[in-house]
Each structure stands twice: as C-alpha cells, then as structure tokens.
Amino acid sequence: MLNRRHFLSRTTLSALGLGASGLFSSSCTTASSAKSSSISKFPVVLSTWNNQKANAAAWGILEKGGRALDAVEQGVQIPEADENDQSVGYGGRPDRDGRVTLDACIMDEQGNYGAVCALQHIKHPIKVARKVMEETPHVILVGDGALNFALEQGFEKENLLTEKSKTEWQDWLKEAKYKPVANIERHDTIGMLVIDKAGDCSGACTTSGMAYKLAGRVGDSPIIGAGLFVDNEIGLATATGVGEAVLKSVGSFLIVELMRQGKTPQEACEEAVMRIAKKQADHKEIQVGYIAMNKAGEVGAYSILPGFVYALTRESGTEVVEVPSYIKK
Ligand code: ASP
C-alpha cells in the first residue's frame, strides 16, 4: 500500500508532457495523509481518477484569473478527446448495439445547469451541455434532439467509435453478457470540481457511461444532484462508478446538503457511500466513488471498493491521492 505523498510541480508536469500517469505508482498518497495540505488559497482543481492532464488544462485558465466555469469546461475536454480513455468522449466504449452515446453536464456558481444525454457523434459533449445551459431555456437535451441542437450550434459530426473500442465490443458480442463488473467498471469518467481565484465554484462531469449498456440507458453523470452538484454557498460534489446506485441515492446533492449541515467533505462522502451500502445488498460488487470540496477548499473522498483515486491541483502542485474505501483491500 502506497502512502508516500509526492507533489509534482507544474514545471515537472510539463517536462513530463503533463503525463505523470507513468509515475502514478510513486505519486500516490492516501487521503488521510493529505489532510494537512487540504486547506490553501484558491484556485483549486479536484477531479476523479488520475486526470492530471485535465487538471493542468483547467489550471491554465485559473492561473490567469479565469472563471471556474471556463476551467471545468476546458479541463474535461482533455479526456473527451483522448482516444485511449475509453470511458469518456472519443474512443469511449459503445452501448450493446455498437453506438457511442455520451452523457455530460456542467453547473456554475449561480446554480445554472445544462446537460446532454445519449448524445452521439459529438466529441465534446461538455461544450454542448454548456450551450444547452446558456443558449436554451431548458436544462437537458437527449438523443437526436441533443445532436440536432449541437449541429445547429455548429458542432461537427464525427465517428467516435475507434478501432480498439470496436474490436473489444465485437469480442464482447460473442457472449453478450451484461453485468456491471467492478473490475471493468472502475474506469475514468471525469467529474471535475473547481474553485477559482474569486472563490466561485463550478463543476463538470462527462462520460460514455457503462460499457455495453442497453441503448438509451442514462447514468448519473449528466443528472443534476446525482453525478454533480454545485452550491456556491456551500461547496461541490461529483461521482463516478455505477450510476444506478448514485441516481437512487441522489449522491452529489446529498453530499452538498450534508456539508450544509456542518459535515466535512470527508464525512459527507462517507455518509453518501454508507447510504448505498445500507440499501444495496449487492454493494460489494459495485464501485461508486465520490469527491467533494467545501467553500474553504477542504476536500474529501470515499468509495465503496478500493482502487479509486483523485487528482488535486493547487498552487503547490498536483497530487494523486488514493481514496479510503468502505470495503477494505
Ligand atoms: N457514472 C457513470 C455512469 O454510470 C460511469 C462511471 O463513472 O464509471 O454512466
């Protein structure tokens, strides 16, 4: 078990092409050992999984005094465009019919929110979600409606199914058994939480959803209160893992409300995981991970199963932190 804290300065990150994932095993620390660094001045970027490059992109906006909303939109586009990230955007694993369908949402410091569900052919669903928020009187667009809106807004139609994801799907089709298995579903959906220099909060969440899902299935990631919630008075939270469990417990909203009642982000994340563990008999088979941050910039995270990490970027650098879990290793 790794518990050594290892900060990577931004200089180091860029010397590595921002790709510190190769150093992951030596840059991992535990959430509890990171506590002493949990309060410092803004800005701050917190994202699910080892999304250091996404954090660096968000940081590029924030260090110039940019808005948290612009930072999260910019940050999550990194995994959306990365064909090797098979859980987000281009290269994402398809549904059981071979279609890559994307879910994304964004929320700002004023409580504005926009989302797209089951959007096909558009590489950056987060940009479409922001357009829904800013250019329509609605908050969610789905399927063909979302695609038509994106095309009207000038987005380009692209094939998102890479050869790699297509071949894996064709292999899966030989048996075509679907059960969310913890090992393959512990993936890299990105939820990103940011507080900018002005102290304002925004969040974004984007995913290709569960691999080989039923056509039309929507998870927690684009749904306000489930995959993401932002309240500029209190703080923010986001989720990754089996979306059905997060939806049923309205996890991100729950965490923000628990923080409103005085819980620390860590206590709130633990309580949200406990709600799932208490109600879902099969919780040992599924992964759900939460990250949260309060207005003071204190962070917390908790997951059902071991293996979840987050990336935290502050002025002092970026660290990847191993998250404590309900089921121990
Ligand atoms: N929460 C996403 C969903 O259920 C998937 C994930 O984060 O792994 O669609």
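For ligands, and for the atoms within them, numbers begin at 1 and follow the listed sequence. Here the structure is a predicted model, which means the values were calculated and not measured.
Note that K123 lies in the cation-pi zone of Y90, set by a 6.0 Å cut-off to the ring centre and a 45° limit from the axis.
In R217, the part holding a heavy atom less than 4.0 Å from any atom of ligand 1 is the side chain.
For ligand 1, the atoms lying closer than 4.0 Å to a non-hydrogen atom of G241 are 1 (N), 2 (C), 3 (C), 4 (O), 5 (C), 6 (C), 7 (O), 8 (O). Against a heavy-atom cut-off of under 4.0 Å, S221 is close to the following atoms of ligand 1: 1 (N), 2 (C). Per-residue contacts place G209 under 4.0 angstrom from the following atoms of ligand 1 (heavy atoms of the residue considered): 9 (O). Atoms of ligand 1 found under 4.0 Å from any heavy atom of T189 (numbered from 1 in listed order, with element): 5 (C), 6 (C), 7 (O), 8 (O). If you number the atoms of ligand 1 from 1 as listed, the ones under 4.0 Å from a heavy atom of T240 come out as 6 (C), 7 (O), 8 (O).
Taking 4.0 Å as the cut-off between side-chain N and carboxylate O, D231 and R260 count as a salt-bridged pair. In this structure, E244 does not pair ionically with K248, as no charged nitrogen and carboxylate oxygen lie closer than 4.0 Å. Taking 4.0 Å as the cut-off between side-chain N and carboxylate O, R130 and D70 count as a salt-bridged pair.
When only interatomic distances are considered, the shortest N/O to N/O separation between G219 and ligand 1 does not fall below 3.5 Å.
For F253, the ring pair (Phe, Tyr, Trp, His ring centres under 6.0 Å) partners two or more places apart in sequence, or in a different chain, are F229. Among residues two or more places apart in sequence or in another chain, the side-chain hydrogen bond (donor to acceptor under 3.5 Å, both in side chains) test is passed with D282 by Q280.
Evaluated by nearest non-hydrogen atom to atom 3 (C) of ligand 1, the leading choice among T48, D220, I190 is D220.
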